[in-house]
Number of protein chains: 2
Amino acid sequence: IIQAEGLSRYYQAGGEVVKALDHVTFSVKRGGFTALVGTSGSGKSTLLNLVGTLDRPTAGDILIEGQSLAKATEQQRIMHRRERVGFIFQSFNLIPTLSAAENVEVPMMLTNVGKRQRKARALELLNRVHLSHRASHKPNQLSGGENQRVAIARAMANRPALLLADEPTGNLDSKTETAVLELLIELLTQDQVTMLLVTHDPQVAAHADQIIHLLDGQIERIESLSQK
Amino acid sequence: IIQAEGLSRYYQAGGEVVKALDHVTFSVKRGGFTALVGTSGSGKSTLLNLVGTLDRPTAGDILIEGQSLAKATEQQRIMHRRERVGFIFQSFNLIPTLSAAENVEVPMMLTNVGKRQRKARALELLNRVHLSHRASHKPNQLSGGENQRVAIARAMANRPALLLADEPTGNLDSKTETAVLELLIELLTQDQVTMLLVTHDPQVAAHADQIIHLLDGQIERIESLSQK
Ligand SMILES: Nc1ncnc2c1ncn2[C@@H]1O[C@H](COP(=O)(O)OP(=O)(O)OP(=O)(O)O)[C@@H](O)[C@H]1O
Ligand SMILES: Nc1ncnc2c1ncn2[C@@H]1O[C@H](COP(=O)(O)OP(=O)(O)OP(=O)(O)O)[C@@H](O)[C@H]1O
Ligand SMILES: [Mg+2]
Ligand SMILES: [Mg+2]
């Protein structure tokens with residue numbers, strides 16, 4: 001469902017060219033769970049942003065269900081983002097003026113889900129991440145891990161075909177992390193969501209059927225765990 | 001060096017009183033390393049902010065070196081923050097218009113360290129967190145873990161008597177986390193810095209001589225590892 005080919009992202013900064021990603025090629029099958037691991041600064045968030053069309057590559061292409069993102073119109077990119085992608089950001093990116101429940105509702109407003117259904121689903125998802133008791137709090141009235149969980153619930157709101165998660169459990173204790181992992185595994189097995197998930201946690205990576213190791217913007221190696 | 005007595009912090013939100021902290025009492029000895037653990041939302045960041053005088057309690061008091069923070073003047077609180085406390089925030093809080101090196105220099109400017117010395121120390125600290133190659137990058141030109149490391153270097157700039165760290169390795173891979181931990185241990189053993197560190201990582205907590213377990217704003221138990 002995802003095919004990256006020669007994907008590169010270069011920046012000009014500090015008087016030099018930074019190769020955040022350098023000719024990266026890989027694929028993720030439908031319903032698959034790929035973990036993306038590597039040292040801090042190795043290019044994981046950059047890669048995720050490119051797949052989620054939040055950024056454009058310097059070179060190379062990504063095919064989503066066979067369709068080239070490089071050749072896509074702006075309209076097609078927007079549709080891809082809204083209808084097919086759920087994104088959990090490394091720094092959450094919640095809307096500060098909205099409550100937790102309203103933040104979870106936002107993607108559903110963008111796909112015209114009816115009001116009653118949106119509210120019910122938002123509360124159901126917050127319940128799944130153990131945050132029913134914080135539904136009306138705004139982001140600055142929530143802890144770090146609570147904000148992370150609201151971001152997780154929001155990403156799942158539209159049952160996206162493709163979930164892109166950037167270190168979704170970095171701010172969570174092990175008990176809460178387990179609850180989030182169960183939710184992710186459920187999406188995988190019950191809704192056949194395809195997942196590309198950045199993690200530093202070997203326990204999270206252990207659930208993946210493919211592990212891509214990044215180092216200095218390049219793929220160091222790819223592990224395939226085909227028995228899953 | 002730190003004595004908390006009946007410390008409480010209540011909020012009004014979502015139509016109810018949220019007891020973020022509820023009558024918390026504990027002490028940290030000079031040169032000690034206390035780990036603060038607990039589930040997401042249990043009150044860890046709230047506690048750290050109170051000890052760092054970034055917030056005021058609803059009730060109770062904190063004594064720093066025998067002096068009451070509740071009775072301190074605003075001038076004394078500011079001095080405490082600038083000269084004695086190094087703070088690593090859960091969401092980094094770097095200044096977006098300054099480079100990594102300049103961000104690390106800021107605390108030294110506030111204590112009137114000479115320019116040449118500041119610059120040298122900033123680069124030395126960035127080197128210790130393996131970020132020399134990113135010294136001139138701004139926060140939006142850095143990865144999540146790189147931003148976290150800049151925040152760590154900044155907190156250590158003034159060799160603070162008291163280091164308050166809120167999940168300082170949540171965004172780091174294990175190799176980078178080890179480098180940061182070595183730096184923290186060095187501060188402890190060589191500079192006798194007193195440390196209060198929030199973590200979800202048992203490997204980090206394992207280095208502590210005291211572990212405070214928070215649950216729903218209260219201390220559930222305190223482990224003392226006196227053989228350290
Ligand atoms: N301004 C506020 N208004 C209302 N409630 C708040 C506010 N700030 C924090 N809280 C609540 O207080 C509780 C404690 O928050 P705190 O940030 O200290 O948790 P934490 O232990 O650091 O969690 P995490 O591990 O997720 O970072 C949380 O349940 C949070 O929802
Ligand atoms: N706008 C930018 N300008 C210059 N360099 C950048 C920019 N954004 C990112 N970089 C650099 O690109 C590299 C990859 O960044 P990226 O955010 O993808 O890393 P990461 O693997 O997600 O790291 P982490 O695990 O710390 O989150 C980093 O070394 C970073 O400094
Ligand atoms: Mg990242
Ligand atoms: Mg916190």
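Keep in mind it's a predicted model, so treat the numbers as computed, not measured. Lettering follows sequence order; numbering is per chain, from 1.
With a 4.5 Å cut-off on non-hydrogen atoms, A:Glu146 touches chain B through its backbone and its side chain both. No part of B:Val37 comes within reach of chain A, as not one of its non-hydrogen atoms sits under 4.5 angstrom from that chain. For a residue to count as touching a neighbouring chain, one of its non-hydrogen atoms must lie under 4.5 Å from one of that chain's; by this rule B:Ser45 does not touch chain A. Looking at B:Glu177, neither its backbone nor its side chain comes within 4.5 Å of chain A, counting heavy atoms on both sides.
Contact tally against chain A (heavy-atom pairs below 4.5 Å) for B:Thr39, B:Asp166, B:Thr176, B:Asp201: the top residue is B:Thr39. For the set A:His200, A:His137, A:Lys44, A:Gln90, the count of heavy-atom pairs under 4.5 angstrom toward chain B peaks at A:His200. For the options A:Ala135, A:Gly170, A:Ser99, heavy-atom pairs under 4.5 Å to chain B are most numerous at A:Gly170.
A 6.0 Å sphere centred on CG of A:Asp216 holds no more than 12 heavy atoms belonging to other residues, nucleotides or ligands. A:Asn93 CG: more than 12 foreign heavy atoms inside a 6.0 Å radius.
Nearest heavy-atom pair across A:Val18 and B:Arg134 is CG1-NH2, 3.5 Å. Closest heavy-atom contact between B:Ala13 and A:Gln141: CB-NE2, 3.8 Å. Of all heavy-atom pairs spanning A:His133 and B:Glu16, the tightest one is O-OE2, 4.3 Å.
Interatomic distance, OG of A:Ser91 versus CG of B:Asn147, reported as 8.5 Å (0.5 Å rounding). Taking CG of B:Leu214 as the start and CG of A:Asp173 as the end, the distance is 12.0 Å to the nearest 0.5 Å. Interatomic distance, A:Ser40 OG to B:His130 NE2, rounded to the nearest 0.5 Å: 11.0 Å. In this structure, A:Asn171 CG and B:Glu167 CD are separated by 5.0 Å, a value rounded to the nearest 0.5 Å.
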